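Throughout, protein chains are lettered first and strands after them, A, B, ... in sequence-line order, and every chain is numbered starting at 1. Here the structure is a predicted model, which is why all the values come from computation and not from measurement.
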There are 2 protein chains.
Amino acid sequence: MDKTKSAKALRTLLESYASLNHPPTSIEYLNSPPTPLEFHQIISRNRPVIIRNAMTDWPAYTTNKWTPSYLSSKMGEMEVMVAETPKGNADSIVTHEGAEYFVKPHTTPHPFITFLSLLQSATTHPSPSTVLYAQSQDSNLTSEYLPLSQDIPPTIPWASISLSQQLPDAINIWIGNHHSVSSLHKDPYQNLYGVILGTKVFYLVSPIGVAGVRERRVRSGTYVKRGNVFDIVPDPVSSLNQEGEGGEGEEDGMITWPSISLDEYFSLPESERSTPVEDISDTDPWKWTKLSTPIKVEVKAGEMLYLPALWYHQVAQRADEDEGVCVAVNYWYDMDFSGPFVSMVNYVRDMTEVVMNS
Amino acid sequence: MDKTKSAKALRTLLESYASLNHPPTSIEYLNSPPTPLEFHQIISRNRPVIIRNAMTDWPAYTTNKWTPSYLSSKMGEMEVMVAETPKGNADSIVTHEGAEYFVKPHTTPHPFITFLSLLQSATTHPSPSTVLYAQSQDSNLTSEYLPLSQDIPPTIPWASISLSQQLPDAINIWIGNHHSVSSLHKDPYQNLYGVILGTKVFYLVSPIGVAGVRERRVRSGTYVKRGNVFDIVPDPVSSLNQEGEGGEGEEDGMITWPSISLDEYFSLPESERSTPVEDISDTDPWKWTKLSTPIKVEVKAGEMLYLPALWYHQVAQRADEDEGVCVAVNYWYDMDFSGPFVSMVNYVRDMTEVVMNS
């Protein structure tokens with residue numbers, strides 16, 4: 001009885017959100033950067049937006065265009081950390097010897113020009129044995145890639161002003177091809193993601209759509225490459241008996257992570273995705289995903305995605321046809337934890353767990 | 001089992017909110033009006049703020065100060081609608097002949113100077129048989145009180161700019177004394193409430209604190225005054241069988257309304273209010289109210305309260321000692337229903353009902 005009521009309330013939440021943010025599976029485009037106030041209105045609404053003409057004054061996109069030849073001329077033999085995986089699946093759930101693991105990539109330093117040339121050759125290869133992706137996410141643009149940092153602004157002015165003069169917490173460069181994807185996950189950051197070369201395909205679910213992403217708690221591990229063979233090594237566990245709190249992040253070798261692929265969901269025929277969910281007790285494995293109204297959007301070179309804090313995102317990419325790579329840069333700004341938003345999102349997560357496991 | 005988990009999650013929500021908005025029972029003061037961007041940051045946080053020096057350019061507060069004599073000189077014999085109640089309890093739950101009713105006030109038109117003089121005499125009377133309160137809430141300042149509207153701005157510039165050039169949906173004037181209170185309720189508006197004479201005492205609970213206000217669904221009715229005797233007349237019911245949805249607002253003669261008095265809560269000794277809630281299964285009737293961390297704040301003449309949309313508020317008042325009345329004016333701006341906030345607040349309400357009634 002309570003279970004039914006709780007499930008019904010969760011369904012009402014998702015349907016109400018979809019109706020108040022109509023159309024829920026679309027994304028708004030701005031033809032020029034917002035003012036700081038307009039950007040704050042967007043942040044406050046916690047809805048993604050694609051901003052055009054936001055990089056027209058970036059050398060990286062204009063005078064010093066980040067083509068492979070320009071990048072190589074600036075970076076040369078400098079070493080960069082590269083993620084290596086067997087199938088382009090860094091930071092995702094993998095079944096290994098009968099058990100499920102959240103697997104982090106093997107990482108190896110490569111001279112930049114070697115990495116770039118390997119990456120470009122792999123772009124035209126149907127199934128390379130090792131998939132390479134520069135995706136350090138540790139503000140690599142201002143460390144490993146320092147020579148390139150002069151080609152982009154140190155902060156995005158309208159974002160900084162909007163966020164009380166905040167500077168970005170990190171600026172990351174991403175260099176890859178279609179062999180790599182980032183599995184569905186979320187970050188506690190306001191994210192501005194600009195594409196320089198190629199196309200990024202974002203699959204998005206709002207923070208309240210946690211029922212649709214089927215989070216699972218699994219052991220965490222790391223790919224280790226020995227020769228050309230990838231093995232998975234579980235992360236150390238300090239106490240297997242300790243029960244985690246179901247939050248994100250790792251504790252004691254366990255991690256909670258979405259288990260679905262939205263690429264798979266969007267491979268369903270449109271007619272099937274748009275069929276209303278009749279009954280939440282039925283067996284359709286995608287019913288909660290449908291109710292959480294995922295968005296699929298391509299962010300093309302020259303476009304910038306505002307990805308609101310705590311939105312689930314899965315990211316695929318396509319290399320630029322001429323240059324053979326996809327290059328993007330993103331700015332992470334700290335989110336505001338005050339107000340009711342964070343507590344409410346965590347509450348929806350807690351209650352989703354109660355509904356799903358009862 | 002589910003019930004326990006649901007109650008625990010609700011408690012976690014309230015405790016998490018309190019810890020992320022520390023100290024949860026205090027209110028921030030600004031010494032000057034915010035910029036439009038700063039005001040949007042405040043709105044986004046959905047936390048109340050008191051703004052000082054926000055009315056320094058209002059004739060109503062300076063050159064044409066709204067004292068009773070000035071008000072009388074402008075309004076004269078013009079008729080205004082006045083709420084009349086036996087105990088100053090308009091729009092509140094009252095027990096009548098063994099049943100509970102949400103009772104709206106009896107309203108009578110009075111020549112303004114008659115009303116003001118009756119009100120002033122009642123201020124020094126220990127228990128007047130009829131309590132008067134000008135509280136029409138129908139944008140009365142731009143209709144009944146039109147001669148006064150020139151003394152205040154038609155909109156608050158920083159609020160309008162912040163809210164995409166929105167003009168207020170209503171501007172209301174409130175004239176009363178300590179005999180009147182407004183019972184705990186909420187409005188779907190961003191509310192800017194400026195006090196001109198006297199003091200308003202606001203008791204506030206955030207929208208997620210619905211568990212603490214004990215909403216009840218009761219019949220609605222209206223005070224009718226015959227001679228000096230007040231009777232309660234139930235509102236018409238079109239179908240007694242139809243089950244309402246538990247939302248706010250009236251349907252079929254029923255209404256959902258908070259049943260507690262925060263004045264009573266704040267009459268508890270401080271030591272009792274600050275005792276942590278040990279166990280949500282215990283019998284303390286105030287345990288959920290404590291967890292929802294109510295705020296009590298006095299808004300003095302010259303101060304403006306920003307009361308965020310959907311915050312529960314109970315309002316008492318004290319007349320200016322010399323003038324014998326309390327005069328305030330408030331601006332209601334439409335709230336933004338997009339984004340996740342409204343759906344999440346409704347979800348917390350739905351789940352609170354499940355937890356409380358199971």
(request) Counting only heavy atoms closer than 4.5 Å, note whether A:Thr35 contacts chain B via side chain, backbone, both or neither. (result)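 When you check distances to chain B, no heavy atom of A:Thr35 falls under 4.5 Å.
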
(request) Tell me, for A:Phe341 versus chain B, whether the close heavy atoms (under 4.5 Å) come from the side chain, the backbone, both or neither. (result)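 Both backbone and side chain of A:Phe341 come within 4.5 Å of chain B.
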
Is any side-chain heavy atom of [X] less than 4.5 Å from a side-chain heavy atom of [Y]?
{"X": "B:Asp350", "Y": "A:Lys8", "result": "no"}
{"X": "A:Tyr347", "Y": "B:Leu10", "result": "yes"}
{"X": "B:Leu13", "Y": "A:Ser343", "result": "yes"}
{"X": "A:Ser44", "Y": "B:Ile43", "result": "no"}

(request) Specify whether A:His40 and B:His40 have parallel, tilted or perpendicular ring planes, treating 30° as the upper limit for parallel and 60° as the lower limit for perpendicular. (result)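 Geometry flag for B:His40 against A:His40: perpendicular rings.
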
(message) Under a 4.5 Å cutoff for heavy-atom pairs, which residue among B:Asp336, B:Thr12, B:Leu14 has the most contacts with chain A?
(response)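 Most heavy-atom pairs under 4.5 Å with chain A: B:Asp336.
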
(message) Using 0.5 Å steps for rounding, measure from the CD atom of A:Glu353 to the NZ atom of B:Lys5.
(response)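 If I round to the nearest 0.5 Å, the distance is 7.5 Å.
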
(message) Determine whether a donor-acceptor pair (N or O, by modelled atom type, separation under 3.5 Å) exists between the side chain of A:Asn21 and the backbone of B:Ser338.
(response)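 Flag not set: sc A:Asn21 to bb B:Ser338 has no pair under 3.5 Å.
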
(message) Between A:Gln41 and B:Ser162 (side chain of the first, backbone of the second, donor and acceptor by atom type, cut-off under 3.5 Å), is there such a pair?
(response)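 Pair found, side chain donor or acceptor close to backbone of B:Ser162.
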
(message) Looking at chain B, which one of A:Leu37, A:Val342, A:Val345, A:Asn46 has the largest number of heavy-atom pairs inside 4.5 Å, strictly under?
(response)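 Maximum pair count with chain B is reached by A:Leu37.
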
(request) Tell me, out of A:Ser16, A:Ser206, A:Pro340, A:Ser19, who's got the most heavy-atom pairs with chain B below 4.5 Å. (result)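 If we count pairs closer than 4.5 Å to chain B, A:Pro340 comes out on top.
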
